[in-house]
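Let me begin by presenting the structure, written as structure tokens, before commenting on it.
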Protein chains: 2
Amino acid sequence: MSKVRNMEEFAALSGISRPTVSKYFNNPDSVRASTRARIEAALDLHDYRPNIFAMNQNRKLTKNLGIVVPYLADPFFAEIARNLEQRCIAAGYRPTLYSAHGKTETEIDILNDLRMLKPAGVLLAPLGRTSNRAEIEKFCKDVPTVLFDSNIEGVGAAFVGSDNASFINQSVEYLCRSGEPPFFFEMETPANPNARKRASAYVAKMEQLGLEPRIEQAKGEGWAFEEIGYQGAVTLLERGKMPTNTLLCSNDRLAIGVLAAFYEHGVKVGRDADCQMRVAGHDDHPFARFTGPSLTTVAHDYDTVANRSVEMLFDLIRNDGRFHTRLEVLFSSHLVLRASA
Amino acid sequence: MSKVRNMEEFAALSGISRPTVSKYFNNPDSVRASTRARIEAALDLHDYRPNIFAMNQNRKLTKNLGIVVPYLADPFFAEIARNLEQRCIAAGYRPTLYSAHGKTETEIDILNDLRMLKPAGVLLAPLGRTSNRAEIEKFCKDVPTVLFDSNIEGVGAAFVGSDNASFINQSVEYLCRSGEPPFFFEMETPANPNARKRASAYVAKMEQLGLEPRIEQAKGEGWAFEEIGYQGAVTLLERGKMPTNTLLCSNDRLAIGVLAAFYEHGVKVGRDADCQMRVAGHDDHPFARFTGPSLTTVAHDYDTVANRSVEMLFDLIRNDGRFHTRLEVLFSSHLVLRASA
DNA sequence: ATAAATATTTTACGCGCGTAAAATTCCAGC
DNA sequence: GCTGGAATTTTACGCGCGTAAAATATTTAT
């Protein structure tokens, strides 16, 4: 396994002209079978890998991909990012993972950085409300981009996400038929647009059932959802009376905070006779199984969303980075029954 | 803000020769003040950014850095990675974040990928026991690398981590003086070397206190620590008798699983009179505040470890990638008293 | 079998920038 | 004002590879 300096040298060793070797590395099937065989024979004899910088310099479209999430310290995004990353690698691309860390500025910085990498495409889960819409729009004009998780209307070539109405229908329906109707617990000013859609889906569903919707909002901004849920629940407890004995959280991380507050204040949660409250969430957060009590929630189909997102991006790339009309794909969810409700 | 194709064109527009402009971008202080002023004047007139691929092609040492963690879906690593990333960017580097996703193969793939990027340095938190030591050693010979979190003896130019003995001393001491001495709860075959060090530190500390050390091991491999902790605790409960009423977990993620199992089985955890068990952990996991009950643990000094790690790497880079002797820096920890013990 | 059509390889050039060596400018100090 | 040497700038070349166009080999149709 001798080291080879460059493609020139490797081409000489394999008895093929350099440009043909270049073609091979760009797409092994684009050279004659006999040529390919000779190259591959030389390849496991003379450990050589093309210089990635020289490769990307002249290529109009690289094999680079960007995966951008709003907050990587949230295991939900970490998990989906892992999924996406692996699928991209399997398809022969070089994904780079970025987190905006919840900051508008950082999100823009990432997109500017990404631009320099001439990526073939980008999978972007935007911050949402706090995103700089103009900047993202501009970026999407230059780089083929599929949005996921958070939709920004009209931005990007496509959106792949979960159907918030489906989430809410599942949770509200279950909670209503198994006990008191739920009141909805959310952040006052959520960054993520799904939160808003869930709230209105909740109202719609309750009205459809002929029930009065009730919403309680927790104060606080940012991405420390557990803390916000905790504080919000403490406020509710201090106020004394709950709208109903069933609390439906906009998402699981809020619910985790709520459960912590209830535990601390001796409020028994669950569906047993001696329980004072029921609590449910949405998303099926990786830790939702391990709360006390374990959290009843509604689950994304991680795999399907991840799979469809990358497939959508590959379609987009094959289609020269443009779709005739912006596509939206929404996936439905399934109830995960645990102890908390 | 007109677009400029390349450095040649930009140099012409600013009235400076291209190589001088190149020097400027490499280090703004390396050109005469008057020259610098002219370049910067042109810079905010003619939106230009050097092509990153062309830049890195000929440079012997790039401004790229690698940050590699074993498992990004673990919020502990997500949090520390964020810290490291921001510090690197602040210092003018371009860090790229990688996760081995708990897999030996992936870790090697990452290092091979990293090699192509000609990074100035790498911050590596290895998988630990399941790492391919030979491969990592080879990588560290070629690329200036600082290990963090998990030490691999003799590998890399330096190691920055936490002092496991300090962790154990704090927890054991506190638990002993506030109630029954703890038994130690750990995974049977932990990947992370800190686990082993904590176990032996536990034994040493107990013996020093004249107490009999007792260790219980949970079966299971991989990175699903909560699940392993949960199952381990269920096994303990089924067996019936606990060594003592105080369970000290090797890390918080195991403890989260244990707390879930105890909750489910109606075992009351905490230090109140009516509690049957006390549970404590190590690491101060981001979610440890929100367990039921909230988890007493021992905290890393995230900031200090992150800061020292990058400083160590920058020292290493300034020192041409070599230290005379391999350095090890360990930071001590502080007890975080919560409700569980 | 042979000419036309097609697939494949080669020739030739350039991408955008780093960097050594040469040329120039600069700033004392006299 | 002049000279020497350091600081700075310019000249000149090459990095490793992509890719259009030209040359060649291969296949197809007659």
Nearest-nucleotide check on DNA chain D, B:Arg36 vs A:Met55; residue mapping nearer the 5' end is B:Arg36
Whole angstrom is fine here: how far is it from CZ in A:Arg38 over to P in D:dA25?
13 Å
Where the side chain of B:Asn26 is defined as all heavy atoms beyond and including C-beta, which of D:dT9, C:dC17, C:dT19 is the nearest nucleotide?
C:dT19
Taking donor-acceptor contacts at under 3.5 Å, does the side chain of A:Gln57 reach the base of D:dG16?
yes
Table please: side-chain donor-acceptor pairs of residues 138-146 of chain A below 3.5 Å, with sequence neighbours left out.
residue: A:Asp142; atom: OD2; partner: A:Arg115; partner atom: NH1; Å: 2.2
residue: A:Thr145; atom: OG1; partner: A:Val143; partner atom: O; Å: 2.8

Whole-Å gap separating C1' (C:dG18) and CZ (B:Phe53)
17 Å
Considering only side-chain heavy atoms of B:Arg32, which listed nucleotide, C:dC26, C:dC17, D:dC17, is closest?
C:dC26
Ignoring hydrogens and angles, are the base of D:dC17 and the side chain of A:Asn58 linked by a donor-acceptor pair under 3.5 Å?
yes
Got a sec? Which of residues 8-24 of chain B come in under 4.0 Å of DNA chain D, heavy atoms?
B:Ser17, B:Arg18, B:Pro19, B:Thr20, B:Lys23
Looking at C:dG16, D:dC17, D:dT9, which one has an atom nearest to any side-chain atom of B:Val31?
D:dT9
Whole angstroms only, please: what is the CG-P distance between B:Asn56 and D:dC17?
15 Å
Any donor-acceptor N or O pair under 3.5 Å, side chains B:Asn151, B:Asn194
no
Does one side chain, of A:Asn112 or B:Arg49, offer a donor that lies under 3.5 Å from an acceptor on the other?
no
Please set out all donor-acceptor pairs under 3.5 angstrom arising from side-chain atoms of residues 17-25 of chain A, sequence neighbours excluded.
residue: A:Ser17; atom: OG; partner: A:Thr20; partner atom: OG1; Å: 3.0
residue: A:Tyr24; atom: OH; partner: A:Glu40; partner atom: OE2; Å: 2.8

OH of B:Tyr48 versus C1' of C:dC17: gap in Å, rounded?
8 Å
Measure from NZ on B:Lys63 to C1' on C:dC17 and round the result to the nearest Å.
17 Å
Does the distance from a Lys or Arg side-chain N to an Asp or Glu carboxylate O, for B:Lys103 and B:Asp109, drop under 4.0 Å?
no
Would you mind reading off the distance between A:Arg59 atom CZ and D:dA20 atom C1', rounded to a whole angstrom?
16 Å
So, taking the atom named CD1 in A:Ile136 and the one named CD1 in A:Ile108, what distance separates them when rounded to the nearest 0.5 Å?
8.0 Å
To the nearest Å, how far apart are A:Arg49 CZ and D:dC17 C1'?
16 Å
Mind calculating the distance between CZ (A:Arg5) and P (D:dC17) to the nearest angstrom?
12 Å
A:His300 vs A:Phe76 aromatic rings, parallel, tilted or perpendicular, using cut-offs 30° and 60°?
tilted
